[in-house]
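Chain identifiers are assigned alphabetically (A, B, ...) following the order of the sequence lines, protein sequences preceding nucleic acid strands; residue numbering begins at 1 within each chain. On a predicted model such as this, the values are computed, not experimentally measured, just so you know.
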Number of protein chains: 2
Amino acid sequence: MYELFFQKFNEKVPLTLEEQEQIKTYLTPKKLRKRQYLLQDGDVCKSIAFVEKGALRAYTVDENMNEHIIQFAIEGWTISDLFSYLTAEPATYTIDALEDAELVLITRAAHDELLKTQPKYETYIRLLITGAYIALQRRLTSNISLPAEERYTRFTETYPDIAQRVPQHMIASYMGLTPETLSRVRKKMAERR
Amino acid sequence: MYELFFQKFNEKVPLTLEEQEQIKTYLTPKKLRKRQYLLQDGDVCKSIAFVEKGALRAYTVDENMNEHIIQFAIEGWTISDLFSYLTAEPATYTIDALEDAELVLITRAAHDELLKTQPKYETYIRLLITGAYIALQRRLTSNISLPAEERYTRFTETYPDIAQRVPQHMIASYMGLTPETLSRVRKKMAERR
DNA sequence: AAAAAGCCTTGACATTTGTCAATGAAAAGG
DNA sequence: CCTTTTCATTGACAAATGTCAAGGCTTTTT
């Protein structure tokens with residue numbers, strides 16, 4: 001347990017074994033079955049989840065009952081409704097498992113305690129969020145400046161693993177397209193070769 | 001000089017006067033005239049810029065010479081090509097002044113030094129980026145899940161100051177629309193009241 | 001003051017994307 | 001093994017957005 005979590009942590013901020021043990025006491029393991037919720041829209045998000053195994057997604061549901069996928073998370077990634085987590089306001093996202101999953105949770109209380117007692121944890125979080133911010137900025141840039149086909153191509157090139165593991169209608173949702181539109185975009189691409 | 005910078009800093013992380021003086025030695029003031037570049041696409045981004053006065057924008061130019069605005073920054077905001085800044089790779093964004101501006105720059109060298117010597121600086125940066133991440137996630141969520149009109153309404157409600165200061169075609173660009181489309185969306189909204 | 005440039009709007013038309021409905025294939029569940 | 005659900009695709013049509021061109025108004029520059 002926690003192998004991948006500490007591997008990723010050490011890549012960002014090297015830890016001694018003692019530090020590792022100390023941090024471990026703040027972590028909570030959790031298993032999720034496929035389709036189970038980690039967070040439901042309206043609840044307060046109580047933890048950041050690191051994915052040791054499996055796949056999750058965060059999404060919103062609009063007034064027409066259409067789902068819009070905000071984020072995928074597979075092994076080595078982290079997922080949460082950060083705003084709700086930090087402010088304790090009701091979440092606007094729902095998070096559930098796309099496959100059976102093993103998670104490492106950092107509760108809000110653990111997070112606060114670690115920030116106080118372990119400077120390397122703050123550095124880890126800073127680097128984690130910085131990376132997430134840069135990735136998000138890239139995605140937004142694609143979204144406002146590229147046509148659907150180009151966005152799809154870049155997505156499959158950037159995240160080939162996700163493109164293979166999740167249903168295409170979810171990728172469409174992630175890109176802000178309907179499943180029909182993505183299907184037609186793919187058809188056009190195929191016809192050209 | 002630096003009044004607003006330290007006001008915002010203190011709101012996030014309270015500083016003693018000594019700490020403030022220490023940090024001040026790492027800051028660089030800079031004035032920009034309207035239309036002047038802070039960063040040109042292809043150069044390495046050498047600093048994070050805090051806006052004391054004026055207004056800037058970050059944008060990309062696509063192969064059809066269309067500009068796509070990534071971010072606005074007015075008084076109290078921070079702007080940079082963070083990826084280029086942190087990796088020292090060529091910037092993909094251009095940043096220029098929409099109005100005459102006064103900036104506080106944190107160079108990469110100053111940033112590294114401050115991270116090493118001043119724990120409160122790391123906390124400030126962590127909170128800064130966390131806020132930027134949450135705002136960006138909101139924007140992306142709007143972009144993939146809301147129609148143009150609703151996005152525009154939310155934008156003007158969230159950033160009324162920017163909506164008034166910046167030409168409408170730039171707001172269109174920020175939302176991923178053409179100026180003509182935004183003009184028509186606004187017309188429809190006006191006709192309904 | 002005149003000229004130039006920037007900005008917003010509008011019309012006509014093209015392209016992209018969405019909606020609704022139907023189908024068949026594959027996967028999941030009992 | 002059979003049933004049900006999920007998924008991807010396709011067609012016909014509607015709605016949203018983009019493109020191109022023009023005009024008028026304002027601001028900037030000379």
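- Distances shorter than 4.0 Å separate none of the side-chain N or O atoms of A:Ser183 from OP1 or OP2 on D:dA8.
- Not less than 6.0 angstrom separates the ring centroid of A:Tyr59 from the ring centroid of A:Tyr93.
- The side chain of B:Thr181 places an N or O atom within less than 4.0 Å of a non-bridging phosphate oxygen (OP1 or OP2) of D:dG18.
- Atom pair B:Leu146:CG and C:dG18:P shows a separation of 14 Å (rounding to whole Å applied).
- Of the two residues near DNA chain D, A:Val166 and B:Leu182, the one whose nearest nucleotide lies more 5' is A:Val166.
- Between the B:Lys46 side chain and the B:Tyr85 main chain, no donor and acceptor come within less than 3.5 Å of each other.
- Looking at B:Arg184, its side chain comes within 3.5 Å of the base of D:dT19 through a donor and an acceptor atom.
- Distances shown here put a side-chain N or O of B:His169 below 4.0 Å from the OP1 or OP2 atom of C:dC8.
- In this structure, the CG atom of A:Leu177 is 14 Å from the P atom of D:dT9, given to the nearest Å.
- Counting to the nearest Å, the P atom of D:dT10 and the NZ atom of A:Lys188 are 13 Å from each other.
- For A:Gln168, counting side-chain heavy atoms from C-beta on, the closest listed nucleotide (D:dT9, C:dT9, C:dG6) is D:dT9.
- Counting to the nearest Å, the C1' atom of C:dT16 and the CE atom of A:Met175 are 14 Å from each other.
- Following rounding to the nearest Å, A:Lys34 (NZ) and C:dA27 (P) show an atom-to-atom distance of 11 Å.
- For the pair B:Met189 CE and C:dC8 P, the interatomic distance rounds to 16 Å; values are reported in whole Å.
- Donor-acceptor pairing under 3.5 Å, judged by distance alone, is present between the side chain of A:Glu180 and the base of C:dC20.
- Proximity note for B:Arg35 (side chain, C-beta onward) versus C:dG6, C:dT9, D:dG18: the nearest is C:dG6.
- Using bins of under 30°, 30° to 60° and over 60° for the plane-to-plane angle, the ring pair B:Tyr121/B:Phe9 lands in the tilted bin.
- Per the geometry, CG belonging to A:Leu98 stands 13 Å off P belonging to C:dA28, to the nearest Å.
- Sorted by first and then second residue, the pairs that involve residues 10-51 of chain B and meet ring pair (Phe, Tyr, Trp, His ring centres under 6.0 Å), not counting sequence neighbours, are B:Phe5-B:Phe50.
- Nearest to the side-chain atoms of A:Lys187 among the listed nucleotides D:dG11, C:dT9, C:dT17 stands D:dG11.
- When rounded to the nearest whole Å, the span between CG of B:Asp62 and P of D:dG18 equals 12 Å.
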(request) Please report the C-alpha distance between B:Leu56 and B:Leu103 in whole Å, then the side-chain angles of each, then the deciding distance to 0.1 Å, and finally whether the side chain to side chain contact (heavy atoms under 4.5 Å, CB included) criterion is met. (result) CA-CA 10 Å; B:Leu56 288 80; B:Leu103 308 176; 3.7 Å; yes
